[in-house]
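Accompanying notes for the structure given below.
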Amino acid sequence: MVEMRREDWHLLGRALVLWARPPGARYPQRSDQRVLDEFGVEVGSWLVPIIKKLADDYYATDAQWTVRDLGEAGRVASDAFMARNPHVPLEAVRTLEWCFTWDFK
(Lines give C-alpha, C1' and ligand atoms only; values in the text may rest on other atoms or scores of the structure.)
Protein backbone atom coordinates (compact mmCIF):
# COMPACT_ATOMS: atom_id res chain seq x y z
CA MET A 1 0.00 0.00 0.00
CA VAL A 2 1.22 3.50 -0.74
CA GLU A 3 2.26 5.79 2.11
CA MET A 4 -0.69 7.97 3.08
CA ARG A 5 -1.37 10.79 5.52
CA ARG A 6 -4.30 10.82 7.94
CA GLU A 7 -6.35 13.10 5.68
CA ASP A 8 -5.67 10.75 2.75
CA TRP A 9 -7.19 7.87 4.75
CA HIS A 10 -10.23 10.02 5.51
CA LEU A 11 -10.62 10.86 1.80
CA LEU A 12 -10.17 7.20 0.87
CA GLY A 13 -12.82 6.18 3.38
CA ARG A 14 -15.31 8.67 1.95
CA ALA A 15 -14.53 7.50 -1.58
CA LEU A 16 -14.90 3.82 -0.69
CA VAL A 17 -18.31 4.43 0.86
CA LEU A 18 -19.43 6.39 -2.19
CA TRP A 19 -17.99 3.71 -4.53
CA ALA A 20 -19.97 0.90 -2.90
CA ARG A 21 -22.99 2.53 -1.32
CA PRO A 22 -24.36 5.72 -2.82
CA PRO A 23 -26.85 7.63 -0.67
CA GLY A 24 -30.11 5.74 -0.34
CA ALA A 25 -28.78 2.47 -1.78
CA ARG A 26 -30.50 -0.69 -0.59
CA TYR A 27 -27.84 -2.99 -2.02
CA PRO A 28 -24.19 -2.61 -3.09
CA GLN A 29 -23.75 -0.53 -6.22
CA ARG A 30 -20.02 -0.33 -6.89
CA SER A 31 -19.09 2.41 -9.34
CA ASP A 32 -15.67 3.72 -10.32
CA GLN A 33 -17.39 6.49 -12.26
CA ARG A 34 -19.13 7.81 -9.15
CA VAL A 35 -15.72 8.25 -7.49
CA LEU A 36 -14.28 9.95 -10.59
CA ASP A 37 -17.29 12.29 -10.79
CA GLU A 38 -17.10 13.22 -7.11
CA PHE A 39 -13.33 13.60 -6.69
CA GLY A 40 -12.22 14.44 -10.23
CA VAL A 41 -10.25 12.31 -12.64
CA GLU A 42 -6.81 13.02 -11.13
CA VAL A 43 -7.71 12.18 -7.53
CA GLY A 44 -10.31 9.57 -8.44
CA SER A 45 -7.82 7.72 -10.63
CA TRP A 46 -5.54 7.50 -7.61
CA LEU A 47 -8.35 6.39 -5.28
CA VAL A 48 -10.13 3.73 -7.36
CA PRO A 49 -7.24 1.21 -7.54
CA ILE A 50 -6.68 1.50 -3.79
CA ILE A 51 -10.41 1.02 -3.12
CA LYS A 52 -10.44 -2.11 -5.27
CA LYS A 53 -7.34 -3.46 -3.56
CA LEU A 54 -8.95 -2.92 -0.15
CA ALA A 55 -12.19 -4.56 -1.31
CA ASP A 56 -10.23 -7.55 -2.64
CA ASP A 57 -8.37 -7.76 0.67
CA TYR A 58 -11.64 -7.73 2.60
CA TYR A 59 -13.12 -10.49 0.41
CA ALA A 60 -9.99 -12.65 0.78
CA THR A 61 -11.51 -14.05 3.99
CA ASP A 62 -13.01 -17.49 4.32
CA ALA A 63 -15.23 -16.38 7.21
CA GLN A 64 -18.44 -17.02 5.28
CA TRP A 65 -17.55 -20.74 5.26
CA THR A 66 -16.13 -21.10 8.78
CA VAL A 67 -18.67 -19.53 11.15
CA ARG A 68 -22.28 -20.33 11.91
CA ASP A 69 -24.06 -17.31 10.45
CA LEU A 70 -23.55 -14.42 8.06
CA GLY A 71 -23.61 -11.72 10.74
CA GLU A 72 -20.76 -13.41 12.54
CA ALA A 73 -18.92 -13.91 9.24
CA GLY A 74 -19.10 -10.16 8.61
CA ARG A 75 -17.73 -9.39 12.06
CA VAL A 76 -14.90 -11.93 11.70
CA ALA A 77 -14.02 -10.61 8.23
CA SER A 78 -14.08 -7.00 9.49
CA ASP A 79 -11.90 -7.78 12.50
CA ALA A 80 -9.32 -9.54 10.33
CA PHE A 81 -9.41 -6.74 7.75
CA MET A 82 -8.96 -4.03 10.40
CA ALA A 83 -6.00 -5.90 11.87
CA ARG A 84 -4.32 -5.77 8.44
CA ASN A 85 -5.55 -2.26 7.57
CA PRO A 86 -5.76 -0.28 10.83
CA HIS A 87 -5.96 3.13 9.14
CA VAL A 88 -9.07 2.46 7.06
CA PRO A 89 -11.94 4.50 8.55
CA LEU A 90 -14.58 2.48 10.37
CA GLU A 91 -17.37 3.72 8.09
CA ALA A 92 -15.50 2.25 5.10
CA VAL A 93 -14.98 -1.07 6.92
CA ARG A 94 -18.68 -1.20 7.78
CA THR A 95 -19.50 -0.52 4.14
CA LEU A 96 -17.30 -3.42 3.03
CA GLU A 97 -18.99 -5.59 5.67
CA TRP A 98 -22.41 -4.57 4.36
CA CYS A 99 -21.34 -5.47 0.80
CA PHE A 100 -19.85 -8.78 1.95
CA THR A 101 -22.89 -9.89 3.89
CA TRP A 102 -25.17 -8.83 1.02
CA ASP A 103 -23.11 -10.76 -1.52
CA PHE A 104 -23.11 -13.95 0.58
CA LYS A 105 -26.73 -13.87 1.73
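Note: hydrogens, waters and symmetry copies are ignored here, and every other heavy atom, side chains too, is used. The structure displayed is predicted, hence computed values, not measured ones.
- Residues passing the side-chain hydrogen bond (donor to acceptor under 3.5 Å, both in side chains) test with Gln29, sequence neighbours excluded: none.
- Taking all atoms of both residues into account, the shortest heavy-atom contact from Ala63 to Ala77 is CB-N, 4.1 Å.
- With sequence neighbours excluded, no residue forms a side-chain hydrogen bond (donor to acceptor under 3.5 Å, both in side chains) with Gln64.
- A ring-ring contact (aromatic ring centres under 6.0 Å, His included) check over residues 66-85, counting only residues at least two apart or in different chains, returns the pairs Tyr58-Phe81.
- In this structure, Trp98 shares a hydrophobic cluster with no other residue, the cluster being traced through Ile, Leu, Val, Met, Phe, Trp and Tyr side chains under 4.5 angstrom apart.
- Two residues are said to be in side-chain contact when any heavy atoms from C-beta on lie closer than 4.5 Å; Leu70 and Lys105 meet this criterion.
- Taking all atoms of both residues into account, the shortest heavy-atom contact from Ala15 to Val35 is O-CG2, 3.7 Å.
- Identified under the salt bridge (Lys or Arg N to Asp or Glu O under 4.0 Å) test for residues 86-95, with sequence neighbours left out: Arg94-Glu97.
- At least one side-chain heavy atom of Trp46 sits less than 4.5 Å from a side-chain heavy atom of Ile50.
- When hydrophobic side chains of Ile, Leu, Val, Met, Phe, Trp and Tyr are connected at separations under 4.5 Å, Val76 ends up clustered with Val67.
- In this structure, Asp69 contributes its side chain and Glu72 its backbone to a donor-acceptor pair below 3.5 Å.
- Residues Leu47 and Leu16 have side chains not in contact (no heavy-atom distance under 4.5 Å, counting atoms from C-beta outward).
- Cluster partners of Val17, using a side-chain heavy-atom cutoff of under 4.5 Å among ILVMFWY residues and allowing indirect links: none.
- When the salt bridge (charged side-chain N to carboxylate O under 4.0 Å, His left out) test is applied to Glu38, no partner is found at least two apart in sequence or on another chain.
- Among residues two or more places apart in sequence or in another chain, the salt bridge (charged side-chain N to carboxylate O under 4.0 Å, His left out) test is passed with Asp103 by Arg30.
- Residues passing the side-chain hydrogen bond (donor to acceptor under 3.5 Å, both in side chains) test with Glu42, sequence neighbours excluded: none.
- For the salt bridge (Lys or Arg N to Asp or Glu O under 4.0 Å) condition, the pairs that include at least one residue of residues 8-26, sequence neighbours left out, are Arg5-Asp8.
- Heavy atoms only, all atoms of each residue included: Leu36 and Gly44 are closest at CD2-C, 3.5 Å.
- In terms of heavy-atom proximity, Gly13 sits nearest to Pro89 at CA-CG, 3.8 Å.
- One distance of note links CG of Leu18 with CD1 of Ile51; it measures 8.0 Å at 0.5 Å rounding.
- Partners of Asp57 by salt bridge (charged side-chain N to carboxylate O under 4.0 Å, His left out), not counting sequence neighbours, listed by chain and number: Arg84.
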